[in-house]
Amino acid sequence: MNYTVEPLILKSHDDTLGADFYRPNKGRKPPVIIMAHGFAGERKFGLPQFADAFANAGYAVVLFDYRGFGGSTGKPRELVSPSHHLEDWRAVLNQVKKRKDIDTKKIVLWGTSFSGGHVMVTAAREKGVKAIISQVPHVDGLASSLLYPKHLLPQAMLTATKDLAGSKLGRDPIRVPVVATSGVRCLAGADCYSGYMKMVQSGSSWMGLVPARILITITQYRPIRDAHKIKCPVLLIAAAQDSLIPIESTRIAAQKIKQVEYVEWPMGHFDPYDGAWFNENIKTQLAFLKQQLS
């Protein structure tokens, strides 16, 4: 192993974000890759193998949890909120920019699924981002909502509306599963339960139950609207057989980005995290990083 992993304490608003800092053994001030998970995920869920590959290649990595998840403080626990997540990304980026042990002119944002959208929006709005890698990204919540099972919609919207109204009155959240084999859940594609649960780390405190309001608020979260504002190079990796994100929306988003390397493979949403697709995926990502950061 050509690196060490150190605990890192970051701040976002009044909360503390749990994070890991991967420090390469070689290189005095290496480039740095900032990473966080997708929908309701913790940083330990399937992401350390990416961080391992990056750190072994000589890049520093900051891998963090959102407020309310994993090693971070914040309540309500496991609230999936695009606005909160984007605030966390901005806070982490600004703190990384102040570090003296990395090359602050070579900061890369890395996101997957939901956070694939977050890195697009962050790069469009913030300065100091050298490049981004966006893997099977959430690009358009409205378009993705059209893939949700229609027979579940009435109960899903009723539950979400009750939770949203209750949140404004200070009530405890009404929660729904992130994934399940039946009934109202957030990620309802045919491959979602098996694909997601394969990443969940045993022994984690993860509940897998999130405030239901996200079933409404996610439809308003559309990173595709910020795609044209991204000024840095982007590697966008898409899954042609994605059960959560319409591939047509991903293609349109890619067309809006000025400097994009677009890769589309005949895989599903959860395939990039392991097996043969992971191997192809990480090889492509390392080649992109070498091109942009050498």
Side-chain angles (χ1 to χ4, degrees), residues 33-41 47 50 80-83 85-90 93 107-127 129-148 186-189 191-192 195 214-273 277 280-281 284-285 287-289 291-292:
I33 302 166
I34 305 175
M35 304 176 62
H37 220 309
F39 192 97
L47 299 194
F50 288 93
V80 179
S81 165
S83 61
H85 292 354
L86 289 172
E87 288 170 357
D88 294 346
W89 272 100
R90 184 172 187 269
L93 174 61
I107 298 176
V108 176
L109 307 184
W110 186 100
T112 184
S113 192
F114 210 40
S115 65
H118 298 340
V119 297
M120 291 171 61
V121 175
T122 303
R125 297 179 181 178
E126 305 296 332
K127 296 180 180 179
V129 178
K130 179 70 173 177
I132 69 172
I133 296 175
S134 184
Q135 172 180 289
V136 292
H138 170 95
V139 294
D140 190 340
L142 186 59
S144 289
S145 69
L146 299 177
L147 297 180
Y148 196 80
C186 297
L187 309 181
D191 60 342
C192 288
I214 187 58
L215 294 170
I216 290 177
T217 56
I218 196 171
T219 63
Q220 301 159 16
Y221 183 47
R222 308 180 69 192
I224 194 170
R225 294 184 296 188
D226 286 274
H228 71 283
K229 302 175 188 175
I230 301 172
K231 296 179 181 179
C232 65
V234 177
L235 173 61
L236 198 162
I237 294 172
Q241 299 161 11
D242 203 311
S243 65
L244 293 172
I245 299 149
I247 190 62
E248 295 81 6
S249 297
T250 309
R251 292 168 181 164
I252 292 171
Q255 291 170 2
K256 293 177 179 290
I257 300 170
K258 297 179 179 67
Q259 301 178 66
V260 65
E261 180 180 334
Y262 179 74
V263 179
E264 182 181 311
W265 289 317
M267 62 180 182
H269 188 80
F270 296 92
D271 288 331
Y273 299 94
W277 282 121
E280 186 70 19
N281 186 18
T284 301
Q285 294 188 20
F288 174 79
L289 291 169
Q291 180 183 18
Q292 300 301 328

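For this chain, numbers begin at 1 and follow the sequence in order.
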*Asks:* Between atom OH of Tyr148 and atom CG of Leu187, what is the distance when rounded to the nearest 0.5 Å?
*Replies:* 9.0 Å
*Asks:* Do you know which two heavy atoms are closest between Ala239 and Val136, and how far apart they sit?
*Replies:* CB-CG1, 3.8 Å
*Asks:* Considering residues, nucleotides and ligands other than Arg251, do more than 12 of their heavy atoms fall under 6.0 Å from its CZ?
*Replies:* yes
*Asks:* To check you understand the geometry: which heavy-atom pair defines the closest contact between Pro272 and His269, and what is its length?
*Replies:* CD-O, 3.3 Å
*Asks:* So, do Ile133 and Leu289 sit near enough that their side-chain heavy atoms are less than 4.5 Å apart?
*Replies:* yes
*Asks:* Below 30° counts as parallel, above 60° as perpendicular, anything between as tilted: where do the rings of Trp110 and Phe50 land?
*Replies:* tilted
*Asks:* Starting from the C-alpha separation in whole Å, work towards a yes-or-no answer on side-chain hydrogen bond (donor to acceptor under 3.5 Å, both in side chains) for Glu126 and Trp89.
*Replies:* CA-CA 10 Å; Glu126 305 296 332; Trp89 272 100; over 6 Å; no
*Asks:* Decide side-chain contact (heavy atoms from CB on, under 4.5 Å) for Val139 and Thr250; before the verdict, give the C-alpha distance in whole Å, the side-chain angles of both, and the deciding distance to 0.1 Å.
*Replies:* CA-CA 6 Å; Val139 294; Thr250 309; 4.3 Å; yes
*Asks:* Indicate the atoms forming the closest heavy-atom contact of Phe288 with Ile132, along with that distance.
*Replies:* CE2-O, 3.7 Å
*Asks:* Give a yes or no answer on whether the side chain of Ser134 reaches the backbone of Gly111 with a donor-acceptor pair at less than 3.5 Å.
*Replies:* no
*Asks:* Please round to the nearest 0.5 Å and tell me the distance separating atom CD1 of Ile230 and atom OG1 of Thr122.
*Replies:* 9.5 Å
*Asks:* Would you say that Asp271 contacts Trp265 through its side chain, given a criterion of any heavy-atom pair below 4.5 Å between the two side chains?
*Replies:* no
*Asks:* Quick check: do Met120 and Asp226 have side-chain heavy atoms less than 4.5 Å from each other?
*Replies:* no
*Asks:* Report the distance from atom NZ of Lys130 to atom SG of Cys232, rounding to the nearest 0.5 Å.
*Replies:* 9.5 Å
*Asks:* State, yes or no, whether a side-chain contact exists between Leu236 and Pro137 at a heavy-atom distance under 4.5 Å.
*Replies:* yes
*Asks:* In sequence, state the C-alpha distance, the side-chain angles, and the governing distance for Val263 and Leu235, and then conclude on side-chain contact (heavy atoms from CB on, under 4.5 Å).
*Replies:* CA-CA 8 Å; Val263 179; Leu235 173 61; 4.0 Å; yes
*Asks:* Evaluate Thr112 against Tyr273 for side-chain contact (heavy atoms from CB on, under 4.5 Å), listing each step before the verdict.
*Replies:* CA-CA 10 Å; Thr112 184; Tyr273 299 94; 2.6 Å; yes
*Asks:* Please round to the nearest 0.5 Å and tell me the distance separating atom CD1 of Ile34 and atom CG of Leu93.
*Replies:* 5.0 Å
*Asks:* Do the side chains of Glu261 and Gln291 get nearer than 4.5 Å, heavy atoms only?
*Replies:* yes
*Asks:* Search all heavy atoms of Val119 against all heavy atoms of Gly116 and return the closest pair with its distance.
*Replies:* CG2-O, 3.3 Å
*Asks:* Please examine the side chains of Tyr262 and Val234, heavy atoms only from C-beta on, and report whether any two atoms are closer than 4.5 Å.
*Replies:* no
*Asks:* OG/Ser144 to OH/Tyr221 distance, rounded to the nearest 0.5 angstrom?
*Replies:* 12.0 Å
*Asks:* Establish, from distance only, whether the side-chain atoms of Ser243 and Asp191 form a donor-acceptor pair under 3.5 Å.
*Replies:* yes
*Asks:* To the nearest 0.5 Å, how far apart are CG in Asp140 and OG1 in Thr219?
*Replies:* 10.0 Å
*Asks:* How are the rings of His118 and His85 set relative to one another: parallel (under 30°), tilted (30 to 60°) or perpendicular (over 60°)?
*Replies:* perpendicular
*Asks:* Please tell me if the side chains of Cys186 and Leu215 come closer than 4.5 Å, counting only heavy atoms from C-beta onward.
*Replies:* yes
*Asks:* Mind checking whether Met267 and Ile237 have side chains closer than 4.5 Å, heavy atoms only?
*Replies:* yes
*Asks:* When you look at Asn281 and Gln135, which way does the side-chain contact (heavy atoms from CB on, under 4.5 Å) test go after all the steps?
*Replies:* CA-CA 9 Å; Asn281 186 18; Gln135 172 180 289; 2.7 Å; yes
*Asks:* Nearest heavy-atom pair of Ala188 and Leu244: which atoms, and what distance?
*Replies:* N-CD2, 4.3 Å
*Asks:* Can you give me the closest heavy-atom contact between Ser113 and Gly38, atom names plus distance?
*Replies:* CB-CA, 4.4 Å
*Asks:* Are there over 12 heavy-atom neighbours, none belonging to Lys231, within less than 6.0 Å of that residue's NZ?
*Replies:* no
